Chemist: 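Just dropping this structure here.
Model, not experiment: these values are computed from the prediction.
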Amino acid sequence: MTSLDTDVVIIGAGPVGLTTANLLGVRGQRAIVLEARDKLIDYPRGVGLDDESIRTLRTAGLWEQIEQYTVPHHVVRFVNGTGQVLATNDPQTQEFGFPRKHGFIQPLVDTELASGLERFTGTELRFNHRVIAIADRGDHVAVTAERTGPEGEPLGPVTVTGRYAVGCEGGGSFTRKWMGVPFEGKSPATRWLVIDVADDPIGVPNVYLGADPRRPYVSIGLPHGIRRWEFMLHDDEPSELVDDPEFKRSLLERFVPNPSALHIINQRTFTHHGRVASTFRKGNVFLAGDAAHLMPVWLGQGWNSGIRDATNLSWKLSAVLAGDASDDLLDTYTSERHKHVTDMIDINMAVGSVMKMGRFGARIRDVAANALNVVPPWKAYFTELRFKPMPRYSTGVVVDQATMSPGRAGVDLKVSRLAPFIDSAGSASPVGLQFVQPRVNTAESTNVLLDEVTGDWWTLATWGTNPAAYLSPADLQLLARHRVKLVSFMPETQRPWAEKRFADSPAAVTVVGDTTGALKRWFDIRACGLIILRPDHFVAAAALTQQTSQALAAVVAAGSLAPVEQGASA
């Protein structure tokens with residue numbers, strides 16, 4: 001094959017493209033990012049950052065730089081037209097190592113993502129490169145872009161070649177149009193006016209979703225003293241009102257004493273969309289982020305859904321590029337991400353419908369909300385964000401827990417011989433779910449997050465036992481081939497014993513001390529003593545410890561992972 005300019009050509013320097021490039025870089029792959037603009041977008045867009053996304057940013061080695069632009073525990077209050085709180089979203093769980101919701105300033109975060117690329121000699125960010133053609137040549141992709149100079153002068157086209165290409169250039173994606181795939185869903189005609197103000201004139205730190213039948217609105221406290229308002233425009237109000245000072249004053253005077261004195265730093269109109277591409281792959285070309293799906297802003301999931309795409313796709317591209325898996329692994333990107341994105345769009349559209357109810361519907365909604373607030377399970381449903389669909393992969397790089405068949409995650413443990421001893425919280429298989437991340441101890445580190453121990457690649461872990469106990473010599477070769485880390489979770493009281501006992505193990509074992517009880521609880525309510533974690537920290541397989549070889553073989557099949565070469569030694 002001819003020499004290529006890079007491994008992956010990424011089209012679009014938004015957060016998804018930049019995150020994908022960083023995740024490829026930390027795993028040793030090259031990327032060239034092509035951006036049509038002459039700089040990153042400098043106005044605020046996304047404002048909500050999830051704990052899942054933070055876990056990805058930490059994998060990319062950028063969380064320490066980005067954290068300063070965030071506010072943790074971003075509480076959301078759903079209020080009616082009189083200001084009465086109908087529901088409060090204030091999740092306190094930190095099962096993935098961080099508070100569930102953060103407010104953030106996207107332009108500053110995007111800048112850190114772009115700066116992160118400077119760490120990698122094989123990665124470039126090229127501005128003023130507008131993609132005009134894509135050619136999939138079977139063994140590689142050629143992407144042609146029109147270049148412009150600093151004054152907008154044309155510099156002629158350039159073609160960049162890579163093994164794969166990923167379109168991350170937003171809702172108007174050239175890549176998606178080139179793929180010719182349907183962009184299914186709908187775009188409500190409702191338009192919204194966004195106003196961002198410096199030196200927050202209110203000062204409260206959180207979010208209010210105003211379900212006011214007269215004019216729904218959103219008020220958001222952001223880091224660095226920024227306040228965002230979003231106001232729904234009525235059908236007879238033109239979008240040009242964004243430039244009318246008197247109209248903006250009339251909107252804001254309900255919330256602040258002197259709207260004319262506000263320091264407005266951004267204003268624009270936008271329309272909510274709920275659309276998803278029918279597939280995220282065509283040959284060697286992929287879609288991610290807004291190029292693949294658009295969703296309303298109500299739950300702050302547009303930015304986070306794009307980061308989930310980058311998380312899922314990047315490790316699979318890295319595995320194939322490194323020769324660790326066949327190209328078939330990349331087909332699981334669509335099968336794993338499409339359903340969750342669709343579910344997230346549906347719930348966002350539903351929240352939008354509740355926000356925009358007229359006077360009669362709003363009265364019924366308010367009565368129902370007040371009734372539900374006196375029922376603890378229903379109140380917790382909103383307070384703890386339980387209505388938000390968590391990613392769960394039922395097909396793809398997952399293994400049926402009951403049958404050990406690859407490519408499908410089982411959710412019913414009735415066939416398990418341990419089922420009679422498992423409480424209701426563990427009645428569903430953990431396969432396909434993201435694994436928890438408590439703080440732990442090891443021989444080298446104290447009170448660290450679990451990902452710092454397991455790393456960003458494959459992990460085979462057991463509770464209370466040596467994970468190598470049931471591994472054959474062939475299994476050990478396979479583990480070495482795919483750089484699978486062996487980990488034993490132990491009560492902290494048992495860690496010194498295990499470190500001595502496992503010192504002569506046929507493969508190196510990292511003993512993790514469970515200092516909080518979170519890991520013990522996780523295994524205690526599930527019918528498994530062994531798990532295999534994917535590079536994105538999702539559970540690929542769960543089994544009894546005696547089924548280690550069987551589980552490993554099933555994951556290898558589900559992930560289209562490369563076998564051990566003949567004659568290789570452990």
Side-chain angles (χ1 to χ4, degrees), residues 6-72 98 102-129 131 162 165-171 173 175 222-224 226 286-292 300-315 317-318 451 456 535-536:
T6 191
D7 295 317
V8 182
V9 182
I10 296 173
I11 303 167
V16 179
L18 295 173
T19 299
T20 302
N22 275 285
L23 291 171
L24 290 168
V26 297
R27 291 175 175 136
Q29 279 72 49
R30 303 173 299 158
I32 292 177
V33 183
L34 303 178
E35 170 55 51
R37 297 180 178 86
D38 61 356
K39 61 182 179 180
L40 299 177
I41 294 176
D42 59 0
Y43 57 80
R45 290 167 292 154
V47 294
L49 180 62
D50 283 2
D51 49 354
E52 301 166 65
S53 296
I54 295 173
R55 204 170 184 179
T56 293
L57 296 172
R58 194 177 184 96
T59 296
L62 295 173
W63 175 237
E64 289 186 2
Q65 296 91 309
I66 288 172
E67 186 176 13
Q68 62 184 310
Y69 307 123
T70 70
V71 171
F98 306 93
H102 289 65
F104 80 115
I105 303 175
Q106 183 176 340
L108 297 178
V109 171
D110 288 356
T111 297
E112 293 295 344
L113 291 172
S115 297
L117 301 182
E118 298 172 5
R119 298 172 293 171
F120 314 117
T121 56
T123 298
E124 297 179 55
L125 170 54
R126 300 182 183 179
F127 289 109
N128 295 314
H129 280 64
V131 171
V166 184
C168 310
E169 69 269 59
S173 170
T175 307
L222 293 173
H224 296 196
I226 296 174
F286 301 83
L287 298 172
D290 286 353
Q301 291 302 304
W303 198 92
N304 293 287
S305 292
I307 300 303
R308 293 186 192 103
D309 293 346
T311 305
N312 188 293
L313 179 60
S314 62
W315 78 261
L317 287 170
S318 290
D451 290 355
D456 65 351
D536 57 2

Chemist: Mind checking what makes salt bridge (charged side-chain N to carboxylate O under 4.0 Å, His left out) contact with Glu169, not counting sequence neighbours?
Modeler: none
Chemist: In Å, rounded to the nearest 0.5 Å, how long is the span from CG of Asp536 to CD of Glu52?
Modeler: 11.0 Å
Chemist: Kindly compute the distance separating CG (Asp50) from CZ (Phe104), expressed to the nearest 0.5 Å.
Modeler: 9.5 Å
Chemist: Give a yes or no on whether a salt bridge exists between Arg58 and Asp451, defined as a side-chain N under 4.0 angstrom from a carboxylate O.
Modeler: no
Chemist: Closest approach of Ala291 and Gly167, non-hydrogen atoms and distance?
Modeler: CB-O, 3.5 Å
Chemist: State, without any angle test, whether Thr311 and Arg308 hold a side-chain donor-acceptor pair at a distance under 3.5 Å.
Modeler: no
Chemist: Give the C-alpha distance, both sets of side-chain angles, the deciding distance and a yes or no for side-chain contact (heavy atoms from CB on, under 4.5 Å) between Ile54 and His102.
Modeler: CA-CA 9 Å; Ile54 295 173; His102 289 65; 3.2 Å; yes
Chemist: Quick check: does any side chain N or O of Glu64 sit under 3.5 Å from a backbone N or O of Gly61, one acting as donor and the other as acceptor?
Modeler: no
Chemist: Given Arg30 and Phe120, is the side-chain contact (heavy atoms from CB on, under 4.5 Å) satisfied, shown in steps?
Modeler: CA-CA 8 Å; Arg30 303 173 299 158; Phe120 314 117; over 6 Å; no
Chemist: Give a yes-or-no answer on whether the side chains of Thr59 and Asp456 include a donor-acceptor pair shorter than 3.5 Å.
Modeler: no
Chemist: Would you check if Gln29 and Val8 make a side-chain contact, meaning some heavy-atom pair closer than 4.5 Å?
Modeler: no
Chemist: Treating Glu112 as the side-chain partner and Ile66 as the backbone partner, does any N or O pair qualify as donor plus acceptor under 3.5 Å?
Modeler: no
Chemist: Closest heavy-atom contact between Val166 and Ala288?
Modeler: CG1-CB, 4.1 Å
Chemist: Please answer whether the main-chain N or O of Arg126 pairs with a side-chain N or O of Glu124 as donor and acceptor at a distance below 3.5 Å.
Modeler: no
Chemist: Just how far is it from atom CD1 of Ile11 to atom OG1 of Thr175, taken to the nearest 0.5 Å?
Modeler: 3.5 Å
Chemist: Without swapping roles, check the side chain of Asn304 against the backbone of Gly48 for a donor-acceptor pair under 3.5 Å.
Modeler: yes
Chemist: Starting at CD1 of Ile307, measure out to CG of Leu57 and round the result to the nearest 0.5 Å.
Modeler: 6.5 Å
Chemist: Check the pair Leu49 / Tyr69 against side-chain contact (heavy atoms from CB on, under 4.5 Å), numbers first and verdict last.
Modeler: CA-CA 11 Å; Leu49 180 62; Tyr69 307 123; over 6 Å; no
Chemist: Going through the distances and angles, do Ser314 and Arg27 end up as a side-chain contact (heavy atoms from CB on, under 4.5 Å)?
Modeler: CA-CA 9 Å; Ser314 62; Arg27 291 175 175 136; 3.6 Å; yes
Chemist: So do the side chains of Leu34 and Ile10 get within less than 4.5 Å of each other, counting heavy atoms only?
Modeler: no
Chemist: Under 3.5 Å, side chain of Asp309 to main-chain N/O of Gly289, donor-acceptor pair present?
Modeler: yes
Chemist: How far apart are the closest heavy atoms of Leu62 and Gly116, and which atoms are they?
Modeler: CD2-CA, 4.0 Å
Chemist: May I ask you to test the Trp63-Thr70 pair for a side-chain heavy-atom distance under 4.5 Å?
Modeler: yes
Chemist: Find out whether Leu40 and Phe127 are in side-chain contact, i.e. whether some heavy atom of one side chain is under 4.5 Å from a heavy atom of the other.
Modeler: yes
Chemist: Could you tell me the separation between the CD atom of Glu35 and the CD1 atom of Ile41, rounded to the nearest 0.5 Å?
Modeler: 7.0 Å
Chemist: Can you give each donor-acceptor pair under 3.5 Å made by side-chain atoms of residues 18-26, sequence neighbours left out, with the distance rounded to 0.1 Å?
Modeler:
residue	atom	partner	partner atom	Å
Thr19	OG1	Pro15	O	2.6
Thr20	OG1	Val16	O	2.8
Asn22	OD1	Arg119	NH2	2.9
Asn22	ND2	Leu18	O	2.8
Asn22	ND2	Leu113	O	2.9

